[in-house]
Amino acid sequence: MTPRKRRALAIAGGLGLLALATALVLNALQSNLVFFFSPSQVVAKEAPHSGTFRVGGLVEQGSVRREADGLTLRFIVTDTAHTVPVAYQGLLPDLFREGKGVVVAGKLDANGVFRATEVLAKHDENYMPPEAADALKRAGQATAANTMQTEAR
């Protein structure tokens, strides 16, 4: 084999290995990617029907209920415009409270209940994930616009 053919074969092999490594990295990133949605987006069916995603908003006042087993908790996440019922089995963060910010990760079941595998509570009064703050702001603006339209009639 001539040196030119060996060099071409080495370059082709290197490019093949680079393509394989890129494909593996992209596959790993895609399988670990978790998107954030507001309750309004979940109600509008913008969230995936299968697969894991996050929902963020406020825990609705008076919505927290413990099941008879003592571990399962049901509550409602709201962005003040729409709500999503959540079921979670496990230990809650110490800062979890009604009326406070929360982000839950999990899947939507066939009945429209969000089955959470993870619950993240807002850690202080000054911080909220930017996505959750934007979702609450948009929902509040939409609610205000709807109220103004109703009053104008």
Side-chain angles (χ1 to χ4, degrees), residues 14-153:
L15 288 175
L17 287 175
L18 182 63
L20 178 64
T22 302
L24 290 173
V25 167
L26 290 176
N27 186 34
L29 286 175
Q30 186 176 13
S31 64
N32 290 323
L33 197 61
V34 180
F35 290 104
F36 176 88
F37 294 93
S38 70
S40 293
Q41 290 173 310
V42 174
V43 169
K45 303 201 184 307
E46 294 175 21
H49 297 291
S50 62
T52 301
F53 62 96
R54 290 182 177 179
V55 176
L58 301 173
V59 178
E60 192 172 87
Q61 290 287 348
S63 70
V64 177
R65 305 270 187 266
R66 285 218 180 264
E67 296 286 318
D69 65 8
L71 286 177
T72 304
L73 183 77
R74 293 184 180 274
F75 58 95
I76 296 175
V77 175
T78 182
D79 60 3
T80 68
H82 293 95
T83 62
V84 174
V86 177
Y88 175 69
Q89 189 171 18
L91 299 174
L92 290 170
D94 291 337
L95 297 175
F96 179 86
R97 305 252 188 300
E98 291 180 349
K100 298 293 183 181
V102 68
V103 175
V104 292
K107 295 180 180 183
L108 213 59
D109 71 7
N111 299 326
V113 175
F114 191 81
R115 300 288 173 181
T117 56
E118 181 180 22
V119 174
L120 305 170
K122 186 169 111 174
H123 65 74
D124 71 14
E125 294 302 316
N126 299 321
Y127 176 76
M128 181 178 286
E131 298 92 350
D134 290 343
L136 287 172
K137 188 185 300 181
R138 282 194 308 273
Q141 290 170 349
T143 303
N146 289 340
T147 303
M148 289 174 39
Q149 287 178 350
T150 304
E151 289 173 357
R153 291 181 190 161

Exercise for review: Test Val55 against Val86 for side chain to side chain contact (heavy atoms under 4.5 Å, CB included), laying out the working first.
Suggested key: CA-CA 10 Å; Val55 176; Val86 177; over 6 Å; no
Point to revise | Worked check of side chain to side chain contact (heavy atoms under 4.5 Å, CB included) between Glu67 and Gln89 | key: CA-CA 10 Å; Glu67 296 286 318; Gln89 189 171 18; over 6 Å; no
Exercise for review: Could you check Val102 against Lys100 for side chain to side chain contact (heavy atoms under 4.5 Å, CB included), going step by step and ending with a plain yes or no?
Suggested key: CA-CA 7 Å; Val102 68; Lys100 298 293 183 181; over 6 Å; no
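Under the ring-ring contact (aromatic ring centres under 6.0 Å, His included) criterion, Tyr88 pairs with no residue at all, not counting sequence neighbours. Residues forming a side-chain hydrogen bond (donor to acceptor under 3.5 Å, both in side chains) with Thr72 (at least two apart in sequence, or on another chain): Asp69.
Here the shortest heavy-atom pairing between Ser40 and Asp79 reads OG-OD2, 2.6 Å. Thr83 and Glu60 get closest at one heavy-atom pair: CG2-OE2, 3.3 Å. Across all their heavy atoms, Phe37 and Pro48 have their closest contact at CE1-CD, 3.5 Å. Nearest approach of Val119 to Phe75, heavy atoms of both residues: CG2-CZ, 4.5 Å. In terms of heavy-atom proximity, Gly56 sits nearest to Pro39 at O-CD, 3.2 Å. Closest of all the heavy-atom pairs between Gly51 and Lys107 is O-CG, 3.5 Å.
Residues Val84 and His82 have side chains not in contact (no heavy-atom distance under 4.5 Å, counting atoms from C-beta outward).
Rounding to the nearest 0.5 Å gives a distance of 8.5 Å between CZ of Arg65 and CD1 of Ile76. The CG atom of Leu17 sits 10.5 Å away from the OG1 atom of Thr22 when rounded to the nearest 0.5 Å. Atom OG1 of Thr117 is separated from atom CZ of Arg54 by 9.0 Å, given to the nearest 0.5 angstrom. Remark: Leu92 CG to Arg66 CZ distance equals 5.5 Å, nearest 0.5 Å.
Around the CG atom of Leu91, the shell of radius 6.0 Å holds no more than 12 heavy atoms that belong to other residues, nucleotides or ligands.
A donor-acceptor contact shorter than 3.5 Å links the side chain of Glu98 to the backbone of Gly62.
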